[in-house]
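Report on the following structure.
First listed ligand is number 1; within each ligand, the first listed atom is number 1.
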Amino acid sequence: MTSDLLQVSDAQVEFHVAGGVVRALDGVSIRVTPGETVAVVGESGCGKTTLARAVLGLQPLSNGKITLTGEEVRGTPRRLAERVGMVWQDPYASLNPKWRVGRSVLEPLYLSGRKGSPEKIFEEVGLDPRFVDRYPHQLSGGQRQRVAIGRALALKPPLVICDEPTAALDLSIRAQILNLLKDIQKSNGCSFLYISHDLTTVRFLADRVAVMYLGRVVEEGPTEQIFTDPRHPYTAALLESAPSLEKLMHLPEPPVGEVPDPKTRFIGCRFAGRCPNAADQCIGEDPPRTVEADRSYFCHLPVKTS
Ligand SMILES: Nc1ncnc2c1ncn2[C@@H]1O[C@H](COP(=O)(O)OP(=O)(O)OP(=O)(O)O)[C@@H](O)[C@H]1O
Ligand SMILES: [Mg+2]
């Protein structure tokens, strides 16, 4: 019925920790169509990496469903690597420091019983093919991330998840990596689920944006609409703090007020305690989903159209 490549429906992930339960994903629904880039943004701890891990089958859901290329993701089936590639913030997360990098990029092929040329993959990601014999520590940060991207793309999966792929890189290198991702998409037509704090890169890359807050997607829609005409006060606050958004990762002060304890059992809107528009209704009732043309949001008192 649907042409979705990835469909996350009402996904729930709970972590039982000392003092309570963290609902890292609390009813998250996201769709990615073929060739599309969907960005997931939101402050630290809102559940972005948990979402990525769930799509990769690394994080079991306590409720909901994830479907990739029409098949439900459960456990960690080996064939999943043919359907989804992963680029982490830290390339060392996917590169064995003791292996020559040429071996690392070929490993996904090897595991699925195929052969390939590491030099060719290196060329695809803009690396000198002679680097295949190097070890990760003999490359720069940007080169290592290119190797990690090459590895994620080795099986030509239709979906590639990037979790803060440029956060650890210098600004000048960041632009190169983003351009590489764009070029790759143009040449092989894959989709990206692009996770980032950095709204500038999101605007550059994404077709659609999902804004997460405390385990929920509070607003979702086409990138330009989200950036120029947000509905959810949290999206608006996030955009307002955009020039210093990268600092959000480290700064003690988020856009408005403080993120509540994730173990809180919420009744109303999760953002109510920080929201300048909050009314009694927001504290007492969970906001319903409002669908407006191509976008949707969860808010009792949305920001008015300018
Ligand atoms: N293994 C775990 N055990 C307990 N709690 C966890 C675990 N992994 C994540 N959490 C909690 O789940 C919530 C979501 O974490 P997650 O790492 O998905 O956030 P994030 O949006 O990726 O944050 P960041 O931007 O800092 O990477 C946080 O409150 C986090 O503390
Ligand atoms: Mg994360």
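- T33 and E36 are linked by a side-chain donor-acceptor pair at a separation below 3.5 angstrom, with hydrogens and angles left out of the test.
- Contacts with ligand 1 closer than 4.0 Å are made by no heavy atom of L51, backbone or side chain.
- Taking every non-hydrogen atom of S44 and a distance limit under 4.0 Å, the qualifying atoms of ligand 1 come out as 23 (O), 24 (P), 25 (O), 26 (O).
- Both I66 and F15 sit in one connected hydrophobic cluster of ILVMFWY residues. Membership requires side-chain heavy atoms under 4.5 Å apart, directly or through other members.
- Considering backbone and side-chain N/O of G45, one or more are found under 3.5 Å from N/O of ligand 1.
- Note on ring orientation: taking the six-membered ring where Trp is involved, the planes of H137 and Y135 are parallel (angle under 30°, cut-offs 30° and 60°).
- Pairing each heavy atom of C190 with each of P157, the nearest pair is CB-O, 3.7 Å.
- Checked against a 3.5 angstrom limit, the closest N/O atoms of E164 and ligand 1 fall outside it.
- Contacts of M212 with ligand 1, taken as heavy-atom pairs under 4.0 Å, are absent altogether.
- E292 and Y297 are linked by a side-chain donor-acceptor pair at a separation below 3.5 angstrom, with hydrogens and angles left out of the test.
- Put simply, L56 and I30 are part of the same group of oily side chains (I, L, V, M, F, W, Y) that touch within less than 4.5 Å, one to the next.
- Note on ring orientation: taking the six-membered ring where Trp is involved, the planes of Y213 and Y234 are tilted (angle from 30° to 60°).
- At a threshold of 4.0 Å, the pair E119-R130 does not count as salt-bridged, since none of the basic side-chain nitrogens sits closer than that to a carboxylate oxygen.
- In the vicinity of V17, heavy-atom distances shorter than 4.0 Å reach the ligand 1 atoms 4 (C).
- Protein N/O/S atoms closer than 2.8 Å to the Mg ion (ligand 2): T49 OG1.
- The parts of T50 lying near ligand 1 are both backbone and side chain, judged by heavy-atom distances below 4.0 Å.
- In this model, no donor atom of one side chain and acceptor atom of the other lie less than 3.5 Å apart for E219 and S296.
- Between F15 and ligand 1, a contact under 3.5 Å exists for no N or O pair.
- Looking at heavy atoms from C-beta onward, L155 lies in side-chain contact with R114 at the 4.5 angstrom threshold.
- With ligand atoms numbered from 1 in the order given, ligand 1 contributes 25 (O) to contacts under 4.0 Å with heavy atoms of H197.
- In terms of polar-atom proximity, defined here as any N/O pair under 3.5 Å, A24 makes no such contact with ligand 1.
- A cation-pi arrangement is absent between R274 and F271 under the rule of less than 6.0 angstrom and at most 45 degrees off the ring axis.
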